[in-house]
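Notes follow the structure.
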There are 2 protein chains.
Amino acid sequence: MSAAARTPEVIRHPSQDRILDVAEALFASRGFSGVGLAEVAEKSDLSKSSLFHHFKSKTEIYASVLERLFKRLWETLEPTVDMSADPWTQLNQIVDVWTGFMADNPNTAKLLLRSMVERDFEDAGLSREELLNRHGRYLRLIIQKVVTLMKAGMDAGTFRQQSIGHFVQTLIGATIFHFASGEFGSGMIGGDQFDPRRVEARKTELKNFLRSGLGSAAGDSR
Amino acid sequence: MSAAARTPEVIRHPSQDRILDVAEALFASRGFSGVGLAEVAEKSDLSKSSLFHHFKSKTEIYASVLERLFKRLWETLEPTVDMSADPWTQLNQIVDVWTGFMADNPNTAKLLLRSMVERDFEDAGLSREELLNRHGRYLRLIIQKVVTLMKAGMDAGTFRQQSIGHFVQTLIGATIFHFASGEFGSGMIGGDQFDPRRVEARKTELKNFLRSGLGSAAGDSR
DNA sequence: GTCTATAGCTAGATAGAC
DNA sequence: GTCTATCTAGCTATAGAC
């Protein structure tokens, strides 16, 4: 076991990163089957054949796009959450960082949504398990963090007793959909979701909602 | 103007409905570009050419699938919400019916998500506007209902003051994602999302969350 | 209304020169 | 590592018989 063995840095050829940048944006907006390698090649200033020198198949490009993106998400989120803080503070930090990442990396929400909804790749020779074990590893780490926080918060009486699984589903849906919803979403909030002012508004609305739900203190009679 | 002019019933040939049933399930799981008409034809017990007798193009099939589904959703939701009831009751009714529809029509959540995230059809000759004006009409009616309810609830002091647009985004994300998330979601809640017991649990968790947020009465100190 | 046959095109992937 | 040329299989859509 050599010294610097943890998080082995993937050394990528400049062309590889250019391909992944181009492919990421295209896969996000049109999905796996909706993207042709001719377009990826053209926008990468390469020929189609050169893509196959760097990646053995289209599916391999897709898997690499997801892996790179989710690794970045985890590496952004992991160090910014203070695990010794109280549950509300931790939750707010997670919402801030998660939302901030979606805003800074506009392909993330759509790709994350697709990676859960789609089954395209199953026809393409790479099994769901293989694909999930490449990028899904990082997603599991993130979720584990939220689950741990919820358990602690419920034990301490800070959070209401509830199903952690359902809460995670609600939280993911609420945070991701907003940034994946494109023109629909910008219509709902009166302008581009990715505008910095609206991103901050989104964080505030989410945190208030998590704390209080929909009700006012006054009208809270069941 | 003849007598029975409202909600003109679309008369469809049995084959047309069979095609739409098959196409609906396929488009939901693999998206517009991910589905080939050969498979649609085979599973409809027809030849590919017969599809083109009933629909002028693949895009037309996709648009018809969405239109039929969203029309059903609106017609299910519209009469079941008692507009004279108090805001909490109305909101709970909307959550119950909406969630129930997603559970009874398992393709809805995925198709709704896709219709907002994807841009496939733009390459296929039908503009976003044309497509949205076919099925989007019903979606707008539904959202209008929620917006009206929120305004009334906030004016009455029943609901906390907040951005209605952000609330709608949160609500849609929270309700749709759960039923679109496939194996990921069933992993989160320990079994099939569409199992009737878990559907009821989902409704309850959502309604509690809307009312109280995450916090307990005890730990609610900001 | 349904079929067979096929046109015309584009997809992912490979061969082999440089 | 990048290219041109090419293969084969798939695609949407049409023609025309029954």
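Residue numbers begin at 1 in each chain, while the letters A, B, ... track the order of the sequences. Quantities reported herein were computed from a predicted structural model and do not represent experimental measurements.
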- prompt: Parallel, tilted or perpendicular for A:Tyr62 and A:Phe27, by the 30°/60° rule?
  reply: perpendicular
task: Return no unless some side-chain N or O of A:Ser50 is found under 4.0 Å from OP1 or OP2 of D:dC3.
output: yes
Nucleotide D:dA9, atom P - distance to NZ of A:Lys58 in whole Å: 19 Å
- prompt: Once you round it to whole Å, what is the distance between P of C:dG1 and CG of B:Leu51?
  reply: 14 Å
- prompt: Nearest-Å distance, NZ (B:Lys48) to C1' (D:dT12)?
  reply: 7 Å
message: With a 4.0 Å cutoff (strictly under), does any side-chain N or O of A:His53 reach OP1 or OP2 of D:dC3?
response: no
- request: Let me know the distance between CD1 of A:Ile19 and C1' of D:dT2, rounded to the nearest Å.
  value: 11 Å
message: Measuring from the side chain of A:Leu46 (C-beta onward, heavy atoms only), which nucleotide among D:dT14, D:dC3, D:dG1 has the closest atom?
response: D:dC3
field: A:Arg72 bridged to A:Glu75 by N-O distance under 4.0 Å
entry: no
- request: Round to a whole Å and report the spacing from CG of B:Asp45 to C1' of C:dC3.
  value: 14 Å
task: With the side chain of B:His13 defined as its heavy atoms from C-beta on, choose the nearest nucleotide among C:dG1, C:dA13, D:dT12.
output: C:dG1
field: Residue B:Ser57, side-chain heavy atoms: nucleotide from D:dA13, C:dT4, D:dC3 that is nearest
entry: D:dA13
- prompt: Does A:Ser47 get its side chain close enough to the base of D:dT4, under 3.5 Å, for a donor-acceptor pair?
  reply: no
statement: Among C:dT2, D:dG1, C:dG12, the one nearest any side-chain atom of A:His54 is D:dG1
query: Is there a side-chain polar atom (N or O) of B:Ser49 under 4.0 Å from OP1 or OP2 of C:dA5?
result: no
field: A:Arg68 bridged to A:Asp21 by N-O distance under 4.0 Å
entry: yes
message: Are A:Phe177 and B:Phe177, when compared by the centres of their aromatic rings, separated by less than 6.0 Å?
response: no
- request: Return the 5'-most residue of the pair A:Gly36, B:Arg18 with respect to DNA chain C, ranking by each residue's nearest nucleotide.
  value: B:Arg18
query: Nearest-Å distance, CD (B:Glu42) to C1' (D:dT12)?
result: 17 Å
task: Give one of base, sugar-phosphate or nothing for B:Val35, where a contact means two heavy atoms less than 4.0 Å apart.
output: sugar-phosphate
query: Whole Å only: how far is the CZ atom of A:Arg30 from the P atom of C:dA11?
result: 10 Å
message: How many whole angstroms separate atom CZ of A:Phe52 from atom C1' of D:dT8?
response: 13 Å
Salt-bridge contact B:Arg134-B:Glu60 (side-chain N to carboxylate O under 4.0 Å): yes
